Every structure is written in structure tokens, then in C-alpha cells.
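Take a look at the structure below.
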Amino acid sequence: MTETFTGNFTQQEPIPDEGIAAAMAVLRHGRLHRYNTAPGELAEAALLEEEFAAQVGAKYCLAVASGGAAMTTALRACGVGPGDRVLSNAFTLAPVPGAIAAVGAQPVFVEVTWDLTIDLDDLAAKLPQARVLLLSHMRGHICDMDRLMALCDRAGVTVIEDCAHTMGASWNGVPSGRHGRMGCYSTQTYKHVNSGEGGLLVSDDAEAMARAIVLSGSYMLYARHRAAPPPEVFAELRYHTPNISSRMDNLRAAILRPQLRALPAQAARWNDRYRALEAGLRDVPGLRLIERPAAEGFVASSFQFLLPDWDADAVREVLARCAARGVELKWFGAAEPLAFTSRYDSWRYAPTAPLPQTDRVLAGIIDLRLPLTFSLADCALIARIIRAQVGAVWQGRAAAE
Ligand SMILES: *Cc1c(COP(=O)(O)O)cnc(C)c1O
């Protein structure tokens, strides 16, 4: 029997009814701009910031226009400017080196491990080259954050976390985004909460957050925020900090607030799907699963496995066979950038020496989305298809040798 999967890998769930009702209220009163409030009214954007700060245990939170805007704002707020060098993961998505380029800085890429996290030995060796690390928890994989922070603290390197895939996740019980000086999140459609576009920035650092708020385009209205440092922190820096408009509006904030309340329950549903897929892919010859450390509280909105040291033609054959049966796999090893995937050597505005370990790992990374519109039975079916196709290609190659 040849099974085929007919689901859609990019179809998210609808916005919850509570979010739709809140959005309709904003549309009806028309005050979409976050600083356009009626007397006594609290803006949805300000309430969102207050609630997210409480959710992750941060003193301060700022809502912005995108995850990319959160990262560029964080870099600027931490003093990164033209000509500076910023450490970052070689395995990440294009908005991360893009944020570094946006402030005129140059990425220094760090190798990735077979666990898909930043290589801490390579990081340790490269720490003297920069004062800031933009750490990307790419695809939700979290490195040993205790060791990373100890290394960076000792070297005086500021850590900014890219939590686009780790909203709701944790390391040793500490929410992702709360280890470094600033944590950046995305609320774009393919992440853990969905407002189309949007971003959140959290920090306990009063000065960095005050700068971030002015940078985001607060004008002199920062006192209307509810998760901001006190006005005296702004007294001097407001004269020195440019306004680079990247605010979030009340419509998006209204949609997001109920989704944030639902995040822990949604995370559990994602992880059920992840475990179903993982169980179906155990003990496939030639296929390596990524074991998740006990300290990592992950939110699996996507799934990765490795075909380590397979040749490119064999990987392409697996992808083609799975695609023919409705299973859309992404490959980070492709030479040419495609859809959302690209490699560090495609980012030619940020040239770097080759990274041999990263090349080897990327050549084997296969990635698929796990939208919550998939049932557990869908995940089991997807696993059966991948299992059969990887098995067929693996056996075919072995027979040919
Ligand atoms: C999506 C993403 C971002 C940026 O988010 P946007 O809201 O799309 O700007 C940053 N880092 C990673 C790893 C991402 O996947």
C-alpha cells in the first residue's frame, strides 16, 4: 500500500474567537495607533507588553513591528553600530545576519554542532573577536545556556537572544530570552503566536530598554508604557537616541493577548506532535534523530532530523520521493537559497571563511514544519512515509556499492 499525505505544511490554526472579538473592538473604535487612546484607556499594545513581561518574568517589555525589528533594536540599544563585529550562529535564518547588517555591523559566524546548537568550543575561541553575541535558538534547539552564559560573562560579551523559535521554551526552568541582556521574539505567522507580523523584546536592563523604547518610535510618550523603566531613565538618553519607527499597533496586540494566554497549552500540543513523529522515526538506518536534553523545555513547532554524511544526490532523492507522497521536507544543505532556507555562504554581504563542521552538518539537516492543524495520526503517517523513503534510498545505495 502506498500512503500519501494530503495536509498543508503551512496552514496554521485560525485566530481564537477571543482574539477576533478583541480585534473587532479595536477596528470599531478606530484607535489602532498605540499612542491614540481615549481618556483613561489602556492601549492593547501596552497591555500586551505588561502581560508578556509577567509571563517570562522580565522587568521590561517592548512590542515592535517584527522579530527582525526586535533584533535590530536590541543590537542598537546595546550599543552595536557601524563597523562592529557581532558573533552569531552560522546555522540560522536570514533575518539574523540581516539584523546585524541593518546596524552596519559584520557577523562573525560560529559553527553548529550535530545537536543543531551553537558550538561552544568554537564560540569560546571566537569570543575575543566581538563584544556582542546575537544567539539564535534556531529551530527551537537550545544550547547549554549555563555554560554559554559563563563563557560570555567571563569574556565580557553581551548576549542578545533570538527566540523566534523558543517563545514559551526554557533552559533549566529559565524562560528562553531571559539568560541574555535582551530577548527577541517574533509573532509572525509561522512562529508560536500569530499576528501576521510582529515582535517582542524583553530585558531587565533599564537603560537598554529605555533606549529600545525611544528607538522603536515612542516620541516622548514613553510614560504611556506599562512595562517600561521609570521616566528618569529616559531623561538624558531621549536626546541622544534616534526614533526609528517600528512600533506595534493595537490591532496586532489585541490578537496576540489571548494567544499568549493559550501558549502553554499550545506548546503541549506541538510537543505531542513532535513526539509522535519522533517515535515513528526511531531506528531508521542512516537517519539520526536529535536527542533533546532534559534541561531543555522546548516548543516543537518544527522537526529536524539528520542524514549525516549522505551524498547530495541521495538526499535529493529522499526529498523527491517524500514530496511525491505529499511530505514537504526542507534541506539546509542545498547550494542555492530556496524559500525560507539559505546557508551562511549565500549571505554574500557578510563574507566569512568556510566553516567545515557547519558545512558537514548543514548537508544533512532535513526540516519540516509541524503546524497545529496536523493531527497525531497525520504525524504518524508522515513518519511512515519518511521512514519508507529514507529506507528505500538507503538500501538502494547499499545494494549499489
Ligand atoms: C522568523 C525568524 C526571525 C525573524 O522574525 P520576523 O518576525 O520574520 O522578522 C528571526 N530569527 C529566526 C531564527 C526566525 O526564524
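Counting starts at 1 for both ligands and their atoms, following the listed order. Only a predicted model underlies this, so the values are computations on that prediction, with no experimental measurement involved.
- Open room surrounds CZ on R360; 12 or fewer heavy atoms of other groups in view lie less than 6.0 Å from it.
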Identify the protein atoms, limited to N or O, that lie within less than 3.5 Å of an N or O atom of ligand 1, and list each pair with its distance to 0.1 Å.
from     : atom 1 : to   : atom 2 : distance (Å)
ligand 1 : 5 (O)  : S186 : OG     : 3.4
ligand 1 : 7 (O)  : G67  : N      : 2.8
ligand 1 : 7 (O)  : S186 : OG     : 2.7
ligand 1 : 8 (O)  : Q188 : NE2    : 2.7
ligand 1 : 9 (O)  : G67  : N      : 3.4
ligand 1 : 9 (O)  : G68  : N      : 2.8
ligand 1 : 11 (N) : D162 : OD1    : 3.2
ligand 1 : 11 (N) : D162 : OD2    : 2.8
ligand 1 : 15 (O) : H165 : NE2    : 2.6
ligand 1 : 15 (O) : K191 : NZ     : 3.0

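- Every residue two or more places apart in sequence or in another chain that forms a side chain to side chain donor-acceptor pair (under 3.5 Å) with T113 is listed here: T117.
- Annotation: ring pair (Phe, Tyr, Trp, His ring centres under 6.0 Å) contacts of Y60 (sequence neighbours excluded): none.
- Applying the side chain to side chain contact (heavy atoms under 4.5 Å, CB included) criterion to A334, with sequence neighbours excluded, gives W331.
- Ring geometry for F5 against F374 counts as perpendicular: the plane angle is over 60°, on a 0 to 90° scale with 30° as the lower cut.
- Taking the ring axis of F332 as reference, the NZ or CZ atom of R343 does not stay both within 45° of it and closer than 6.0 Å to the ring centre.
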